[in-house]
Number of protein chains: 2
Amino acid sequence: MATIAQLAGVTQPTVSRAFNHPEMLQPETLERIMQAVNQTGYVPNMVARSLASSRTRLLAAIVPMLSNVVYSSFLKPFTARMREAGYQTMLFESGFSLQEEERLVEMAIARRPDGILLTGATHSETCRRHLRSAAIPVAEVWDLADDPIDLCVGFSHDESARHAARYLIGKGHCRFAVISANDERAYRRREAFSQTLAAAGLELPRRVDLPSSASIGQGKAAFGALLESGFDQGAIFCSSDIIAHGVLIEAARRAVDVPGRIAVMGFGDQDFAAEIMPPLTSVQIDRQRLGEEAARLLLARIEGREATPARIDIGFGIIARDTA
Amino acid sequence: MATIAQLAGVTQPTVSRAFNHPEMLQPETLERIMQAVNQTGYVPNMVARSLASSRTRLLAAIVPMLSNVVYSSFLKPFTARMREAGYQTMLFESGFSLQEEERLVEMAIARRPDGILLTGATHSETCRRHLRSAAIPVAEVWDLADDPIDLCVGFSHDESARHAARYLIGKGHCRFAVISANDERAYRRREAFSQTLAAAGLELPRRVDLPSSASIGQGKAAFGALLESGFDQGAIFCSSDIIAHGVLIEAARRAVDVPGRIAVMGFGDQDFAAEIMPPLTSVQIDRQRLGEEAARLLLARIEGREATPARIDIGFGIIARDTA
DNA sequence: CTGAAAGCGCTTACAG
DNA sequence: CTGAAAGCGCTTACAG
């Protein structure tokens, strides 16, 4: 910036103004400065700018898994909105671990982001404390916190599972199974699903817990295990579309009639759910809207405007297709 | 840091040393400082640290699409390695646009990352100029640059397509089609594929160009269009496994025998390729290794060690399964 | 409209 | 082993 100043025959603060408050400068001064900038290919140093202004125009977003479309699809509209507003988003992956999340939050805070997006409403106590003492705007998404740290945009996992249970009961099923990936929210859905069955006087569902995050292979294996344990008729509620996809592939291989003998329901309504054969019935979340609302609220908070409502329930839907 | 210094009864530079060179301090001084840090929950300011040391411990990685597993799966080992070494990676998505990449590189440079990872070997002239004048270590991955900016870890797209063509010719096919997503590297593979057919005295392949990035729906539609245009027998080389998956679903729906009448080959060998029915034959790239090598080279360059070889060909393999 | 001055929160030689 | 001083590259009141 000092070099540019010399080239343009002004002082360094004037160059700074050319970038941040061009309207303050005389047109010809601005012109000379811009010429020097183009000539040298100078790019302002955001590190220095951040330190001086105590605004980094940086955001941190932490999701369980970057490669899972369920998360990346709300991140996409979120980062897009934020970028339009001049903010860059740092992406982090917690691998469904609260401990890892805690470490990432600490690393993120060290960079002094202007805002933080967190997936889920469950965080370690240390994490919450760090966040509070850093006094950075926070948006929790993909769940509905009872006691939000700050902003919150999500849906009720319990409620979605209850709806799924009622939907499947309504289809006349009386035997059920739940296949869950290793994810706290999936477990909560399983519990709510079970309670709804119990309330209807039905048998509790068979449970298959997957050791890690979901894959087609795990879905196949889980379905195989269910069949072999005698579950040869009923409805299976899967904690993700990927798992459901595996179930469907294995069912086809074993010539099990879907939905005649076995009904299958996914979760997330990913793109492929509508495309595979048979098309998968699934719980749909408006991830686009989730990302947009989170961006809107966080931006309002960051820029000192009113962020209302501070807690948004975006709901869910059950997309009935051929498998249940 | 000044607060911590007061609490511990030392000067601020001593607190700085406690973080960066603890071995320089007297154990009891260190102890007092650490107590103050824990008491207050103080997290050092990386912005100030970066400015003062002119090292940000920040990396920028630009990929075409974050939600595409093909890219996120080399990003994962890359970011993991880098994190172990104390570097955080900022992730950006260029949407297969060189213009967008150019803008992202400029934004990235403003943050003064210690290194940059770029997907592909094709970049705008402005982008290359920016990178050169910023003098930041750069790793280009997922392709083999003839004229690398700096470091390079990838494979030959041309060579992979030639192998695919020879493989399919070897299976006795004499009619071919290529379905390509809107991606420069996919087009290059298509050209190399065509040339190999021509060299073997075979008819050029039918071409189906998809308007955007790949989806199952697009694969289905492309296969429908091929059939209707009279392509009812032969081998189809798809530019991604996703597209191939769509082709397989549509083929099953139309009761087209695979691989008897139509052989299908994917690209990328994603997880689901082995799991779907029939299992998909595909071109496999060792993305894990790609990410690791990129991290290794970039780290060496950043830390002033020798980064050799500066250009690594990780090759590819053809995974023969049931569809071709 | 532009300049001179102070300051953002650290690191890093340089003394002692 | 620790302190005093300068500096990293900007922004932002404050003057003029």
Side-chain angles (χ1 to χ4, degrees), chain A residues 1-34 36-37 40-58 86 88 106-114 133-136, chain B residues 1-34 36-37 40-58 86 88 106-114 133-136:
Chain A
M1 207 169 240
T3 320
I4 302 293
Q6 264 193 323
L7 275 173
V10 293
T11 59
Q12 175 267 316
T14 304
V15 178
S16 168
R17 286 184 195 107
F19 284 104
N20 301 312
H21 311 281
E23 73 287 352
M24 286 178 67
L25 298 192
Q26 209 165 259
E28 49 186 48
T29 310
L30 185 60
E31 174 62 24
R32 254 183 305 142
I33 293 174
M34 281 317 166
V37 167
T40 54
Y42 166 78
V43 179
N45 185 330
M46 271 303 290
V47 179
R49 184 179 284 198
S50 297
L51 184 61
S53 65
S54 62
R55 297 190 58 206
T56 53
R57 295 200 159 274
L58 199 65
Q88 279 172 58
E106 186 168 340
M107 298 180 66
I109 289 178
R111 303 268 177 200
R112 302 295 189 264
D114 292 335
S133 67
I136 297 172
Chain B
M1 209 168 239
T3 320
I4 302 293
Q6 264 192 324
L7 275 173
V10 294
T11 60
Q12 175 266 315
T14 304
V15 178
S16 169
R17 287 185 194 104
F19 284 105
N20 301 311
H21 311 281
E23 72 288 353
M24 287 179 66
L25 299 192
Q26 208 164 260
E28 50 185 46
T29 311
L30 185 60
E31 174 62 23
R32 254 183 305 141
I33 293 173
M34 281 317 166
V37 167
T40 55
Y42 166 77
V43 178
N45 185 330
M46 272 302 291
V47 179
R49 183 180 285 198
S50 296
L51 183 62
S53 66
S54 62
R55 298 190 58 207
T56 53
R57 296 199 160 274
L58 201 63
Q88 279 171 57
E106 186 168 341
M107 296 179 68
I109 289 178
R111 304 268 177 199
R112 301 295 189 265
D114 293 335
S133 68
I136 296 173

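Lettering of chains follows the sequences in order, A, B, ..., and the numbering in each one begins at 1.
- In this structure, A:Pro113 and A:Thr56 approach most closely via the heavy-atom pair CA-OG1, 3.6 Å.
- For D:dG3, the base has a donor-acceptor partner in the side chain of B:Arg17 [N/O atoms by modelled type, under 3.5 angstrom].
- Of the residues near DNA chain C, A:Arg112 and A:Gly9, the one whose nearest nucleotide (by heavy atom distance) lies more toward the 5' end is A:Gly9.
- Whole-Å rounding puts the B:Arg49 CZ to C:dC8 C1' distance at 16 Å.
- B:Thr14 comes within 4.0 angstrom of sugar-phosphate atoms only, judged by non-hydrogen atoms across all strands, and of no base.
- To the nearest 0.5 angstrom, B:Leu51 atom CG is 13.0 Å from A:Arg49 atom CZ.
- A:Met24 places its CE atom 11 Å from the C1' atom of C:dG3, with the value rounded to the nearest Å.
- In this structure, CZ on A:Arg112 lies 7.0 Å from CD1 on A:Ile136, to the nearest 0.5 angstrom.
- If you check C:dA13 for Watson-Crick or wobble pairing at under 3.5 angstrom, you find it has no partner at all.
- Rounded to an integer number of Å, the gap from B:Arg57 CZ to C:dC10 P is 16 Å.
- In a base pair of the Watson-Crick type (N1 to N3 plus N6-O4 or O6-N4) or a G-U wobble (N1-O2 and O6-N3), with each distance short of 3.5 Å, C:dA4 is matched with no nucleotide.
- Put simply, A:Tyr42 has no side-chain N or O that comes within less than 4.0 Å of OP1 or OP2 on D:dG9.
- Inter-residue side-chain proximity for B:Asp114 and B:Arg55 is flagged as met; some heavy-atom pair is nearer than 4.5 Å.
- Residue B:Glu23 is the one, among B:Glu23 and B:Leu51, whose nearest nucleotide of DNA chain D lies closer to the 5' end (criterion: closest heavy atom).
- Position along DNA chain D of the nearest nucleotide to B:Ala52 versus B:Gln12 favours B:Gln12 as the more 5'-ward residue.
- Spacing between atom CZ of A:Arg111 and atom P of C:dC10 amounts to 14 Å, rounded to whole angstrom units.
- Remark: P of C:dG9 and CZ of A:Arg55 are 16 Å apart, rounded to the nearest angstrom.
- Put simply, A:Ser50 has no side-chain N or O that comes within less than 4.0 Å of OP1 or OP2 on D:dC10.
- Closest of all the heavy-atom pairs between A:Ile4 and A:Ala36 is CD1-O, 3.8 Å.
- When rounded to the nearest whole Å, the span between CE of A:Met1 and P of D:dT12 equals 11 Å.
- Taking side-chain N and O atoms only, B:Thr11 has no distance below 4.0 Å to OP1 or OP2 of D:dA4.
- Distances were taken from every side-chain heavy atom of A:Ser16 (C-beta onward) to each of C:dA4, D:dC10, C:dT12; the shortest belongs to D:dC10.
- Taking atom CD of residue B:Glu31 and atom P of nucleotide D:dC1, one finds them 16 Å apart after rounding to whole Å.
- For C:dC10, neither phosphate oxygen OP1 nor OP2 lies less than 4.0 angstrom from any side-chain nitrogen or oxygen of B:Ser53.
- Using a 4.5 Å cut-off on side-chain heavy atoms (C-beta onward), A:Arg111 and B:Gln88 make contact.
- Summarising the geometry, the separation between CD1 on A:Ile4 and C1' on D:dT11 is reported as 17 Å, rounded to the nearest angstrom.
- The side chain of B:Asn20 contributes an N or O atom lying less than 4.0 Å from OP1 or OP2 of C:dT11.
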